[in-house]
Amino acid sequence: MKIAMIGTGYVGLVTGTCFAEFGHHIICVDKLEDKITTLKQGKIPIYEPGLDVMVAKNAAEGRLQFTTDLAEAVPDADAVFIAVGTPTSRRGDGYADLTYIYAAAQELAEHLENYTVIVDKSTVPVGTARQVSRIIKETNPEADFDVASNPEFLREGAAIADFMRPDRVVIGVESERSEQVLREIYQPLYLRDTPIVSTSIETAELTKYAANAFLAVKISFINEIASICEAVGANVVDLAKGIGMDRRIGSKFLHPGPGYGGSCFPKDTLALMRLVQEYGESLRIIEAAVEVNAAQKARMVKKIRDALGGSEAGKTIAVLGLTFKPETDDMRDAPALTILPALLEKGASLRVHDPKGMEEAKNFLPNGVEYVDDAYTVCQGADAVVLMTEWNQYRALDLERLKASMKELIFIDLRNVYEPASLTGLGFKYVGVGRK
Ligand code: UDX
């Protein structure tokens with residue numbers, strides 16, 4: 001199959017590259033010339049494990065090309081995927097900004113020649129595919145096409161594995177012909193017994209939001225339960241095991257922490273709430289999850305302050321991890337961006353380390369934060385260590401070495417990575433989330 005992928009952001013690049021790995025011929029299109037030049041040179045603008053090798057391999061084998069010109073990619077394509085960004089609107093109202101989607105629809109329309117399936121890959125509110133269809137018809141009344149929705153469920157840091165071994169593929173279609181094209185594109189997964197869930201376009205669009213909203217609710221649920229555990233002296237890690245082994249509940253996404261972040265959950269929960277309001281409905285559970293997530297970040301500030309004896313003023317805090325999760329350099333909506341400025345404002349000195357996210361973090365964190373290249377150096381002379389993101393390299397720290405270099409022995413583990421006894425046994429004060 002010949003596929004045009006519009007947008008070489010996270011989703012477009014991973015999806016295009018994995019399709020090429022399936023054996024399809026992909027041309028990725030982006031308006032940003034610098035980005036396309038970089039990609040043509042074999043450099044990857046984001047950090048995603050395994051992506052660089054896969055891009056290089058498929059480009060060398062001629063199945064993956066990059067261009068800024070839609071005319072090179074669209075006319076021959078069996079399917080055109082739209083994978084441009086849908087950030088939260090700058091109006092600050094929580095709506096998804098669909099400007100890039102509609103612009104892509106308009107621009108690609110004039111290049112359509114034979115029957116083509118136009119697939120929304122970006123996360124978009126219900127009704128967007130219909131708008132895309134209308135725009136294409138208006139721009140090119142002769143065009144022979146169908147629209148479809150094919151939401152992605154990729155986790156950053158594990159995107160290639162998620163793509164290659166998904167739990168399911170959801171396709172929202174309005175004709176048998178377009179369904180056939182999409183089934184053929186995903187044929188390699190089908191052969192591996194991946195279920196393909198074929199739905200209406202609106203159902204597929206809403207499925208993506210519902211999936212992310214449910215996961216956000218699950219995280220906020222366990223974060224709230226963690227607070228109750230602290231209040232009554234229970235242990236949330238054991239509790240999560242106790243409920244997670246019930247297959248109706250499931251053990252995933254029951255890890256308490258400093259709150260969810262990233263490019264999806266915060267944006268998509270807001271967009272879903274706005275969408276629902278337009279229909280005169282409300283989603284109170286999701287509103288609560290969003291509120292709990294904001295409160296969780298504030299709670300972490302208090303936790304750190306309390307661990308330091310009631311005030312962070314004049315204290316040096318070493319922070320391990322800045323990104324919203326490990327194995328990414330993405331800082332979008334990372335809890336660190338709320339928690340650290342609050343500490344800084346109250347007079348703390350912050351020294352931070354992150355294996356991949358420091359350059360990106362400099363664009364978001366206020367001045368005055370000291371960036372340190374090494375996980376041990378950052379802890380030297382600190383009054384407390386805050387483990388913010390559970391990067392593998394922080395999972396087995398040499399605690400004796402840490403002890404020897406810190407000023408005060410306070411370890412605040414916002415991801416419950418360590419067994420409390422392994423630190424308290426060395427004389428540290430240990431503070432986790434939802435457990436003594
Ligand atoms: C998410 C969805 O998982 C994916 O299906 C969708 O397509 C895009 O959004 P991603 O944003 O990459 O993927 O990260 P994810 O692994 O889902 O984690 C999101 C946030 O939740 C992170 O900040 C993470 O630390 C937090 N989280 C996750 C928890 O705090 N506890 C958990 O148990 C799981």
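Start at 1 and go down the list; that is how both ligands and their atoms are numbered.
- Here Arg415 has side-chain heavy atoms under 4.0 Å from ligand 1, and that is the only part of it that gets that close.
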*Applying ring-ring contact (aromatic ring centres under 6.0 Å, His included), run through His353 and Tyr371 and close with a yes or a no.*
CA-CA 6 Å; His353 174 264; Tyr371 296 86; over 10 Å; no
*Decide yes or no on side-chain hydrogen bond (donor to acceptor under 3.5 Å, both in side chains) for Arg134 and Tyr102, but give the supporting numbers first.*
CA-CA 10 Å; Arg134 184 184 55 76; Tyr102 294 152; over 6 Å; no
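- Distances between N or O atoms of Arg155 and those of ligand 1 include no value under 3.5 Å.
- Note on ring orientation: taking the six-membered ring where Trp is involved, the planes of Tyr418 and Phe411 are perpendicular (angle over 60°, cut-offs 30° and 60°).
- For ligand 1, the polar-atom distance check against Glu390 finds no nitrogen or oxygen pair separated by under 3.5 Å.
- Given atom 34 (C) of ligand 1, the protein heavy atom at minimum distance is Phe253 CD2, 3.4 Å.
- Taking the six-membered ring for Trp and the full ring otherwise, Phe214 and Phe253 have centroids separated by 6.0 Å or more.
- In this structure, atom 26 (C) of ligand 1 lies nearest to the protein heavy atom Ile219 CD1, 3.9 Å.
- The protein atom (non-hydrogen) at minimum distance from atom 16 (O) of ligand 1 is Lys325 NZ, 2.9 Å.
- For ligand 1, the polar-atom distance check against Phe153 finds a nitrogen or oxygen pair separated by under 3.5 Å.
- At distances below 3.5 Å, at least one donor-acceptor pair connects side-chain atoms of Lys35 with backbone N or O atoms of Thr8.
- An N or O contact shorter than 3.5 Å links Leu154 to ligand 1 by distance.
- A salt bridge is defined here as a Lys NZ or Arg NE, NH1 or NH2 lying under 4.0 Å from an Asp or Glu carboxylate O, and Glu179 with Arg183 meets this definition.
- Annotation for Arg247: atom CZ does not count as buried by contact number, only 12 or fewer foreign heavy atoms lying within 6.0 Å.
- Backbone and side-chain nitrogen or oxygen atoms of Phe324 are examined, and one is located within less than 3.5 angstrom of a nitrogen or oxygen of ligand 1.
- The shortest contact between atom 1 (C) of ligand 1 and any protein heavy atom is with Phe265 CE2, 3.6 Å.
- Of all the atoms in ligand 1, the ones that sit under 4.0 Å from a non-hydrogen atom of Lys208 are 7 (O).
- Note: an N/O pair closer than 3.5 Å links Glu156 and ligand 1 by distance alone.
- Looking at His255 next to ligand 1, an N or O pair under 3.5 Å apart turns up.
- Judged by the shortest distance from any of its heavy atoms, Gly261 lies inside the 4.0 Å radius around the atoms of ligand 1.
- With a 4.0 Å heavy-atom cut-off, ligand 1 is reached by the backbone of Leu254 but not by any atom from C-beta on.
- A salt bridge does not link Glu152 with Lys121: none of the charged nitrogens is closer than 4.0 Å to a carboxylate oxygen.
- A cation-pi contact links Arg168 to Phe153, judged by a cut-off of 6.0 Å to the six-membered ring centre and 45° from its axis.
- Tyr260 and Phe324 have their aromatic ring centers separated by at least 6.0 angstrom.
- Among all protein heavy atoms, the one lying closest to atom 9 (O) of ligand 1 is Cys264 CB, 3.0 Å.
- The shortest N or O to N or O distance between Gly257 and ligand 1 is not below 3.5 Å.
- Ion pairing between a basic and an acidic side chain is recognised when a charged N comes within 4.0 Å of a carboxylate O; Arg155 and Asp162 show such pairing.
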